[in-house]
Amino acid sequence: MEWERQRAYDFESGKEAGAEQKAVEDARSFYANGVSLEVIAKSLNMSIEQVKEIVKDLVPVV
């Protein structure tokens, strides 16, 4: 039974990590396409500070 519980936990942890990575990729893509930091943060349920950290090395296309 412990093995099944660990496997379920590992699966859920992987899904969470994948969701976080997807949000980072989305934020970078939105910013690169000229979407404002405020809209990105609100859309991805992040703080503006989190978005700034994610996109700090990108230059938006305007």
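By the 4.5 Å heavy-atom criterion applied to side chains, Val51 and Tyr31 are not counted as neighbours. At a threshold of 4.5 Å between non-hydrogen side-chain atoms, the residues Ser29 and Asn33 count as touching. Taking 4.5 Å as the limit, some side-chain heavy atom of Asp26 sits within range of a side-chain heavy atom of Leu44.
Every side chain to side chain contact (heavy atoms under 4.5 Å, CB included) that Ala23 has, sequence neighbours left out, goes to Met46. For Asp57, the side-chain hydrogen bond (donor to acceptor under 3.5 Å, both in side chains) partners at least two apart in sequence or on another chain are Arg28.
Contacts classified as side-chain hydrogen bond (donor to acceptor under 3.5 Å, both in side chains) and involving residues 44-55 (residues at least two apart or in different chains) are given here: Ser47-Gln50, Glu53-Lys56.
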